[in-house]
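Take a look at the structure set out below.
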Amino acid sequence: MAPAAPTSASPLSRLLLLSLPKPGSARHSRSSSPPQPCPEAAAARSPGAGLVLRRREAAAAVLSTAVLSRFVLPAAAGAADGGECPLEVAPSGLAFCDRVVGTGAAAQEGQLIKAHYTGRLEDGTVFDSSYKRGKPLTFRVGVGEVIKGWDQGIVGGEGIPPMLAGGKRTLKLPPALAYGEKGAGCRGWEPTSCVIPPNSTLLFDVEYVGRASG
């Protein structure tokens, strides 16, 4: 994926060096997991369990599901948008939070590294993820090969510590450190055609795998 305000030639194919999904397909995709059965229902289907749930047990199962939907699920959503990991804001406007502090070597400017990531819009829409492809992104960090927020968020600087290998960090990038007024993955002149709309604040969950060979 390409930087919003590149310091050198940065075509769309370098948009974070990622292969963005085509507009109209991935822009509306949201990560989701299949619903989990109620423990009581699972027990009812397991060998040796009662043939059917009694009315009182069924009512308890429904009540449990309602409680989980109201309290547990919103909490999980908060974890996705950084709610459970207080963000610190650097002078540049980049916000970050270390979910896991690595134990390996620190990322250094100019190194060829590997990193996994999931990128989301503020509304939670996942626009790209290396995890889905099963392969981390390989790029040279700190030299403008990726958007500014990524370089700064991984190498550090301006009050942000460098990431250590094995670490996981949430980044919140203001438009100026992402794709700015142009957005990304756009088709035609309509802003609504963009995978990443103009002036978007982006959220990334980044896992610094470590140095890459080569």
Heavy-atom pair with the smallest gap, counting every atom of [X] and [Y]:
X: S130; Y: A115; result: OG-O, 4.3 Å
X: L87; Y: A95; result: CB-CB, 4.0 Å
X: A212; Y: T138; result: CB-CG2, 4.0 Å
X: C186; Y: K182; result: SG-O, 3.5 Å
X: I147; Y: A178; result: CG2-O, 3.8 Å

Report, one line per pair, each donor and acceptor closer than 3.5 Å where one atom sits in a side chain of residues 152-166; sequence neighbours left out.
unit_1	atom_1	unit_2	atom_2	d
Q152	OE1	S92	OG	2.5
E158	OE1	S92	N	3.4

CA sep, side-chain torsions, deciding dist, call: I113, F139, side-chain contact (heavy atoms from CB on, under 4.5 Å): CA-CA 6 Å; I113 69 168; F139 65 101; 3.7 Å; yes
Qualifying residue for side chain to side chain contact (heavy atoms under 4.5 Å, CB included) with W150, from L137, L202, V141: L137
Which distance, rounded to the nearest 0.5 Å, do you find between the [atom1] of [X] and the [atom2] of [Y]?
X: R169; Y: R99; atom1: CZ; atom2: CZ; answer: 12.5 Å
X: Y208; Y: K114; atom1: OH; atom2: NZ; answer: 11.5 Å
X: L203; Y: D123; atom1: CG; atom2: CG; answer: 10.0 Å
X: H116; Y: K168; atom1: NE2; atom2: NZ; answer: 9.5 Å

Partners passing side-chain hydrogen bond (donor to acceptor under 3.5 Å, both in side chains) against E207 (at least two apart in sequence or in another chain): Y131
Sequence-distant partners of P174, side chain to side chain contact (heavy atoms under 4.5 Å, CB included), two or more places apart: L177
Partners passing salt bridge (Lys or Arg N to Asp or Glu O under 4.0 Å) against K172 (at least two apart in sequence or in another chain): E122
Validation row: L94, L173 side chains within 4.5 angstrom (heavy atoms): yes
pair D205-Y117: side-chain heavy atoms closer than 4.5 Å: no
Expected output: side-chain D128 to main-chain G119 donor-acceptor under 3.5 Å: no
Pairs where residues 94-151 contributes a residue and the test disulfide bond (SG atoms under 2.5 Å apart) is met, not counting sequence neighbours: C85-C97
Of all pairs that satisfy disulfide bond (SG atoms under 2.5 Å apart), the ones with a partner from residues 101-132, not counting sequence neighbours: none
